[in-house]
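This report concerns only the one structure given below.
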Number of protein chains: 2
Amino acid sequence: MTRQASWVESANSATHPFPLNNLPYGVFSRNGDDPVCGVAIGDMVLDLSVLEAENLIPTTEDGPVFDLPFLNEFMELGQEAWAELRARLSDLLAEGGDGALSGNPDLIERALVPMEDVTMHMPFVVAEYTDFYAGKQHAINVGTMFRGAENALPPNWLHIPIGYNGRASSVVVSGTDLHRPLGQLKPPHEEVPHFGPSRRMDIELELGAVVGTGSILGEPITTSGADEMIFGYVLLNDWSSRDIQGWEYQPLGPFQGKAFGTSISPWVVTKAALEPFRCETPPREKELLPYLQESKPGLYDIELEVTMQPEGADRATTICRTNYNRMYYSAAQQLTHHAVGGCEMTTGDLLGSGTISGPEKTEFGSLLEQSWGGKEPFTLDTGEERTFIEDFDRLTLKGQAKGDGYTIGFGECTGRILPAVQEPDWSK
Amino acid sequence: MTRQASWVESANSATHPFPLNNLPYGVFSRNGDDPVCGVAIGDMVLDLSVLEAENLIPTTEDGPVFDLPFLNEFMELGQEAWAELRARLSDLLAEGGDGALSGNPDLIERALVPMEDVTMHMPFVVAEYTDFYAGKQHAINVGTMFRGAENALPPNWLHIPIGYNGRASSVVVSGTDLHRPLGQLKPPHEEVPHFGPSRRMDIELELGAVVGTGSILGEPITTSGADEMIFGYVLLNDWSSRDIQGWEYQPLGPFQGKAFGTSISPWVVTKAALEPFRCETPPREKELLPYLQESKPGLYDIELEVTMQPEGADRATTICRTNYNRMYYSAAQQLTHHAVGGCEMTTGDLLGSGTISGPEKTEFGSLLEQSWGGKEPFTLDTGEERTFIEDFDRLTLKGQAKGDGYTIGFGECTGRILPAVQEPDWSK
C-alpha cells in the first residue's frame, strides 16, 4: 500500500496524519451550528451531512445518519456499509476520481471546511466503557511495585484479558480539561482516611476500540466475529487518581479513582485504514483457551507518544514513546472475552486496551511507572521535576502508523488537570 | 399515614401491593401495541399516555413523556414534576376525588387496563449500572469464607460504600430467563483453567435505586442533593456466577461473573410512596467523613423475601426473609460517594444496594451464604437439596413495606436459569 493522491492538496504529504488512506470519522461544528458527522482529509473536514443531503453518498431507508451529533447510527449499519462509504469517499476525494465534488466549487464551499475553523465534539455516544489491563509490561511494573517481583503478574493474567467496567458518562473529547478529583485518601502512615484533592494524579496511555455493531444477550461471539464488530480505534487517556484508587480498589476494583474523566481523541481511525499495519500478538507464554485464539493478527503497528507540558512552559517534553504492538491481548480478544458469558455488547461500547508500556523506562505509559510509584522523580526539558501531575500540566497522547510514503495519524488526545473544585457545604 | 381509598375497588385492601398510596410507575403493552408508560392501581394499569393525550395530567412543552417505551423523559423532569403528577393521579383515582376519569366510562375503558392483560417491559433505559457492597452481614459472611473471620471486613469497608461499575446492557425485566454463562473456571485443585458452563450459579437479593435527575461532570453532590435525585426503587437480583467470579476478580473486580444478567422488578416504587417507611442506618462503628453523613434517614423499612422453585415443583420454598433496613449505607450515601470525584450521574443510572443479609441464616440474601460456599446444602420444601442454582430453577424476590392498613408492594422480580448455550465453533 502506498500513498493515495487526493485533489485536496494538503492530504498529499508523507507525514500528514490525514491522507486519503486514512479518512477517520468525527463530529464537528462550525460557527455555532449544530454538530454533524465529518471525515478528515488533509487540513480539511468533509461535512458528510452535506454529501448525504446531496445524495452523493449511500443513504439509508431510515433517514439521515450524518446530520446528527454522533456516529452511532452509521456505526450500527455494519461493515458492508462502512466499506461502501469508504470506497465512495475515496473515489470522491481521489485525484482523478469521480468529479461530483471536486468539479463543483459551490459544493466544495459548503462541504469542505478548514479544520482550523471547526470545533471537535465527542465522536459517538459511549454506550458503556470497559477498561482492560492487557499490557504485560504495565501489569508487571504495577505488580512489582505493589506485590513484589515474585508475584507481579496475577495468576489469571496469562489466561484472561482482565477487564473491569468503567464509567461512560465521564468520557470526554480531547481538549476537555478536568478537575483534580476530591475523594477519600489514606496514605500508608495514617490510621484513618481523610478527605481532599488527589495528590497522585496520573495518566494511562491506551488505545480505545470502538464497537460498531452489537451482539445478542446470551450469545457468545468468536474472535473473528468480534473483529468484524469493531468500527475503529481512538487514542484514550484513562486519567487515574492513584491515591484514591489505592485506598478504594480492594476488593472490587477501581471506582472513583477512575470515574472523574477519560479522554479520547476526536477522530475514529477505521479498521480499514489500519489494515496494512496489522501484526500478531507476542508469543503466548501459556496456551490460550480456544475461545481466545485468533485466526488473524489482532494488533496494529501504531507508534505512540506521550508529552507533558507544565503551565507557562514553552515546550512539551516527550516522556514516553512506545507502540500498540506491545499489547499481549488484542481488542478482538478482549471483546470476545467480554461477551463470552452472554453479555450483550452494543453500538458505541468503548474498550480501553489497558496501559501500553514497553520494556524500557522510555516506553512506560503512566507516571506511576515513570516515577516508580512516586519514588523516582523525572525531569522535564524545562528543568522541572515531576512524579505525578501538577495543576495545569497538559498531557497529550499522539499516535501514528507509518506506511510507505504516508502516515495514518490519530491526531492527538490532550487535556489539562485543573485544581480541585471547592468542597460544597456537605450539610446542605 | 393510613390507606387512601380509591374508586378502583381492588386497590382497597390492606394486603394489595398497589393501593392508592403506592402508584408505582412502569412500562407495559397490550395486544401487541407499542409499550407505553403506566401506573399500577389495584389489579389495573392506568395508561398515562392516554391521560396525557387527553390533557388530564400535566404536560410538558417538549411533547409527550408517557407515549414512550421508557420512563426516562419523565424521570428527568425532577422532583417537582414527580410530586405534581402524584398529586394529580391521587386526585383522579381517589374515592370522591376529581371525576374527570372516574365519571367518564369511555375514558376508563381506554385508560384502565386489567393487569392480567398486559405485558410488562423494562421500565427505563438503564444509563449505567453500579453495584454496591453495602450490606455488612453479607460482607462479613463472604469475607469470612474467603479470608477468615479475622480479616472478614476489608479495611476500607466502614469508611467507603464500596461499589463497582456493572454492565447496563444486560439488565433485564422480571420474567426474563437467562442462560447459565459459559466462561473460564479454575477450581482450586486444578492447575490451569478450563472452559465451560458455570457450576456455581447464585442470586443476590438487592434493592435498586433509580436515578431520576443527573449531576454535572466535575461537581460533587451532597447526601441531601443525592436523595432528591433518586426517583424510586426496584427489586434487583444481581445474578452471579461464583466460579467465574472467583477466578477472574483479582485484582480488578467482578466482570464476566456478573455480566450475563441482572433482573429488576417492572414497577418503580417512588420515594414519595416509601416516605412513611424511612429509617436510620445502623449506628456507625467508625465515624463517616462529613461528605457521607446524612441529614435525614436514608434507609426504608422494606420486608424482603426470596423463594426458589425447581422445575416441576408444585410450590416455591422461601429461602430468605430479611429487610432493607439491614443495610449499612443508604442509596443517597452511595450516590454521593459515586459523584464525589466529579463523576457525572445521569437519568436512568441504576444503583444496586449490595446483597442484603441479616444476622441469621434465614436472612442470608445469597445462596453462597445459605450454603456457606457450597459446603452446607440446604433442603427445599419439596425435599430437594441445593447448594447453588440448578437448570430451570426459578428464583423470585419479593418486597413490601407495611403501613397502617395498607401495603406498599414492589411486585416481584423473578427469573429462571436455563441451560448453557451450545459452544460456537470458535474458529469461525
>> Just so I understand: if I count every heavy-atom pair under 4.5 Å between each of A:Tyr249, A:Phe260, A:Tyr164 and chain B, which residue has the most?
In response: A:Tyr164
> Do side-chain atoms of A:Asp202 reach the backbone of A:Arg242 as a donor and acceptor pair under 3.5 angstrom?
Replying inline: no
> What residue in A:Ser224, A:Pro181, A:Gly261, A:Cys343 has the most heavy-atom pairs under 4.5 Å with chain B?
Replying inline: A:Cys343
>> For the interface with chain B, which of A:Gly342, A:Ala127, A:Gly253 has the highest count of heavy-atom pairs at distances below 4.5 Å?
In response: A:Gly253
> Between the side chain of A:Asp349 and the main-chain N/O of A:Glu128, is any donor-acceptor distance below 3.5 Å?
Replying inline: yes
>> Does any backbone or side-chain atom of A:Phe132 lie under 4.5 Å from a heavy atom of chain B? Answer side chain, backbone, both or neither.
In response: side chain
>> At under 4.5 Å between heavy atoms, what parts of residues 212-221 of chain B are in contact with chain A? List them by residue number.
In response: B:Leu217, B:Gly218, B:Pro220, B:Ile221
>> Counting only non-hydrogen atoms closer than 4.5 Å, does B:His337 touch chain A with its backbone (N, CA, C, O), its side chain (CB onward), both, or neither?
In response: both
>> Quick check for you: among A:Ala168, A:Pro254, A:Gly257, A:Ala339, which has the greatest number of heavy-atom pairs under 4.5 Å with chain B?
In response: A:Ala168
> Checking A:Leu252 against chain B: side chain, backbone, both or neither under 4.5 Å from a heavy atom?
Replying inline: both
> If you count heavy-atom pairs under 4.5 Å with chain A, which of B:Tyr291, B:Tyr133, B:Phe195, B:Tyr129 comes out on top?
Replying inline: B:Tyr291
> Non-hydrogen atoms of chain B under 4.5 Å away: do they reach the side chain of A:Pro154, the backbone, both or neither?
Replying inline: side chain
> Considering only heavy atoms, which portion of A:Thr130 lies under 4.5 Å from any heavy atom of chain B: side chain, backbone, both, or neither?
Replying inline: side chain
>> I'd like to know which of A:Gly143, A:Ser295, A:Pro155 tops the heavy-atom pair count under 4.5 Å against chain B.
In response: A:Pro155
>> For B:Lys296 and B:Glu228: C-alpha separation, side-chain torsions, deciding distance, then whether salt bridge (charged side-chain N to carboxylate O under 4.0 Å, His left out) applies.
In response: CA-CA 12 Å; B:Lys296 69 173 169 177; B:Glu228 290 177 3; over 6 Å; no
>> Test your reading of the model: is there a side-chain donor-acceptor pair from B:Glu206 to the backbone of B:Gly354, 3.5 Å cut-off?
In response: yes
> How about residues 421-428 of chain B versus chain A: which residues have heavy atoms under 4.5 Å apart?
Replying inline: B:Val421, B:Pro424, B:Asp425, B:Trp426, B:Ser427, B:Lys428
>> Is it the case that the side chain of B:Ser170 and the backbone of B:Ala259 share a donor-acceptor pair, with hydrogens and angles ignored and the cut-off at 3.5 Å?
In response: yes
> Are B:Ser240 and B:Gln245 close enough that a side-chain donor and a side-chain acceptor fall under 3.5 Å?
Replying inline: no
> Do you know which of B:Gln250, B:Glu294, B:His179 has the most heavy-atom pairs with chain A at a distance under 4.5 angstrom?
Replying inline: B:Gln250
> Are any side-chain N or O atoms of A:Thr223 and backbone N or O atoms of A:Gln293, one a donor and one an acceptor, separated by less than 3.5 Å?
Replying inline: yes
>> Tell me the closest heavy-atom pair linking A:Arg284 and A:Tyr328, and the distance in Å.
In response: NH2-O, 2.6 Å
> Just by distance, do the side chain of A:Arg167 and the backbone of B:Glu344 share a donor-acceptor pair under 3.5 Å?
Replying inline: yes
> Can you check whether B:Ile160's main-chain N or O pairs, donor with acceptor, with B:Tyr329's side chain at less than 3.5 Å?
Replying inline: yes
>> Under a 4.5 Å cutoff for heavy-atom pairs, which residue among B:Gly183, B:Pro290, B:Gly163 has the most contacts with chain A?
In response: B:Gly163
>> As a quick check of understanding, evaluate salt bridge (charged side-chain N to carboxylate O under 4.0 Å, His left out) for B:Arg199 and B:Asp243, giving each step before the final call.
In response: CA-CA 7 Å; B:Arg199 299 273 167 231; B:Asp243 39 6; over 6 Å; no
> Are any side-chain N or O atoms of B:Arg180 and backbone N or O atoms of B:Ser241, one a donor and one an acceptor, separated by less than 3.5 Å?
Replying inline: no
> Side chain, backbone, both or neither: which part of B:Gln256 has an atom under 4.5 Å from a heavy atom of chain A?
Replying inline: side chain
> Is there a donor-acceptor pair closer than 3.5 Å between any side-chain N or O of A:Asp177 and the backbone N or O of A:Ile417?
Replying inline: no
>> Can you tell me which portion of A:Ala420 sits under 4.5 Å from chain B's heavy atoms? Options are side chain, backbone, both or neither.
In response: neither
>> Is it the case that the ring center of A:His338 lies less than 6.0 angstrom away from the ring center of B:Phe255?
In response: yes
>> Given 3.5 Å as the limit, does a donor-acceptor pair link the side chain of B:Gln184 with the main chain of A:His159, or not?
In response: yes
>> Heavy-atom cut-off 4.5 Å, strictly under: side chain, backbone, both or neither for B:Leu182 against chain A?
In response: both
> Does some side-chain heavy atom of B:Ser366 sit less than 4.5 Å from a side-chain heavy atom of B:Asn141?
Replying inline: no
> So with a 6.0 Å cut-off around CD of B:Glu190, is the heavy-atom count from everything else above 12?
Replying inline: yes
